[in-house]
Amino acid sequence: MSLDNTTVRNIAFLARIEVPEAELPGLADELSAILGFVEQLGEVDTKGVEPMTSVTEMALRWREDAITDGGQQDKVLANAPDAVEGYFTVPKVVE
């Protein structure tokens, strides 16, 4: 795909990038090359290729799904700048 200067000027406007008129032809060539590469990727046969989330195979470690109360109230409140009777306290914002 080949982009002309008008299209590149419009892309620069939409991206809020100021591009001097003298640099438009070079930028048009670069963007055309990028779009050409993307078109090549569309031609790759991906039948039978499973989607990946990582380049290395990973398996999540399972843990027992147990409901607990946490039992860590003291540890959590240790980081609080101010706590009263087991709760976080915050300054009043609205009168």
Side-chain angles (χ1 to χ4, degrees):
M1 175 177 213
S2 181
L3 298 176
D4 59 351
N5 289 348
T6 305
T7 305
V8 173
R9 190 179 300 113
N10 191 25
I11 292 170
F13 173 76
L14 292 173
R16 305 296 192 257
I17 300 171
E18 184 177 347
V19 179
E21 288 292 324
E23 294 182 14
L24 285 176
L27 188 58
D29 292 339
E30 289 181 29
L31 289 174
S32 295
I34 292 170
L35 291 175
F37 180 71
V38 171
E39 286 177 355
Q40 285 180 355
L41 290 176
E43 296 172 2
V44 175
D45 181 24
T46 57
K47 291 181 183 172
V49 178
E50 293 184 29
M52 304 174 25
T53 57
S54 175
V55 293
T56 58
E57 289 190 29
M58 299 172 67
L60 294 175
R61 289 179 275 149
W62 291 91
R63 64 175 174 82
E64 184 179 333
D65 190 15
I67 298 173
T68 65
D69 65 350
Q72 299 182 20
Q73 183 178 21
D74 295 334
K75 291 180 182 178
V76 171
L77 291 175
N79 291 327
D82 190 20
V84 175
E85 297 179 10
Y87 295 97
F88 289 100
T89 57
V90 294
K92 189 174 186 179
V93 179
V94 180
E95 294 292 327

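Not measured: the values here are computed from a predicted model.
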Student: Which atom pair, heavy atoms only, marks the closest approach of Ala28 to Asn5?
Tutor: CB-OD1, 4.1 Å
Student: Would you give the length of the straight line joining atom CG of Leu27 to atom CD1 of Ile17, rounded to the nearest 0.5 angstrom?
Tutor: 8.0 Å
Student: At their closest point, which heavy atom of Ala22 faces which heavy atom of Pro25, and how far apart are they?
Tutor: O-CD, 3.6 Å
Student: Does Arg9 make a cation-pi contact with Phe13 (under 6.0 Å, within 45 degrees of the axis)?
Tutor: no
Student: Write down the atom of Val19, the atom of Glu23, and the distance for their closest heavy-atom approach.
Tutor: CG1-CB, 4.1 Å
Student: Between side-chain atoms of residues 77-85 and protein atoms elsewhere (two or more places apart, or another chain), which donor-acceptor pairs fall under 3.5 Å?
Tutor:
residue, atom, partner, partner atom, Å
Asp82, OD2, Thr89, OG1, 2.8

Student: Among Val8, Asp29, Ile34, whose side-chain contact (heavy atoms from CB on, under 4.5 Å) with Leu3 holds?
Tutor: Val8
Student: Would you kindly confirm whether Tyr87 and Val76 end up in one hydrophobic cluster when ILVMFWY residues are joined by side chain heavy atoms under 4.5 Å apart?
Tutor: no
Student: Verify side-chain hydrogen bond (donor to acceptor under 3.5 Å, both in side chains) between Thr7 and Asn10, making sure each step is shown before the conclusion.
Tutor: CA-CA 5 Å; Thr7 305; Asn10 191 25; over 6 Å; no
